[in-house]
Amino acid sequence: MQTITLNIGGMTCGGCVKSVTRILENTEGVAKAEVNLEKKNAVIEFDPAKTNAAALIEAVEDGGYDAAV
């Protein structure tokens, strides 16, 4: 397993945190996603054989939020 921290933009409330968490946890290869509203980031544990940073960023952006490493 690998861990990455993504900076997430556009989150304004707990509902946003739930949305981003759900988006990430539904991405193939993601074992765990901890999204933090105050820090505006997400710490993601994933299987590098199944997904990568670019795919995680794309998933978050497809959900309507900004994401960057």
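Keep in mind that this is a model prediction, so the values were computed, not measured.
- Under a hydrophobic clustering in which Ile, Leu, Val, Met, Phe, Trp and Tyr are joined whenever their side-chain heavy atoms come within less than 4.5 Å, directly or via other members, Met1 and Val43 fall into different clusters.
- Residues that satisfy the salt bridge (Lys or Arg N to Asp or Glu O under 4.0 Å) test with Glu34, not counting sequence neighbours, are Lys32.
- Side-chain contact check for Asn41 versus Leu6: every heavy-atom pair is 4.5 Å or farther apart.
- A pairwise comparison of heavy atoms in Ala68 and Ile57 identifies CA-CD1, 4.2 Å as the closest pair.
- Heavy-atom minimum distance, Asn52 versus Ala55: OD1-N, 2.8 Å.
- Expressed to the nearest 0.5 Å, how far CG of Leu24 lies from CD1 of Ile44 amounts to 4.5 Å.
- Between Cys16 and Gly10, the shortest heavy-atom contact is SG-O, 4.2 Å.
- Closest approach of Thr21 to Ala33, counting heavy atoms only: CG2-O, 3.9 Å.
- At least one side-chain heavy atom of Met11 sits under 4.5 Å from a side-chain heavy atom of Val20.
- Sorted by first and then second residue, the salt bridge (charged side-chain N to carboxylate O under 4.0 Å, His left out) pairs with a member in residues 38-67 form an empty list; sequence neighbours excluded.
- Listed here is the closest heavy atom pair of Thr27 and Ala59: OG1-CB, 3.8 Å.
- Between the CG atom of Leu37 and the CD1 atom of Ile8 there is a distance of 11.5 Å, given to the nearest 0.5 Å.
- Ser19 is linked by a side-chain contact (heavy atoms from CB on, under 4.5 Å) to Arg22, Tyr65, counting only residues two or more places apart in sequence or in another chain.
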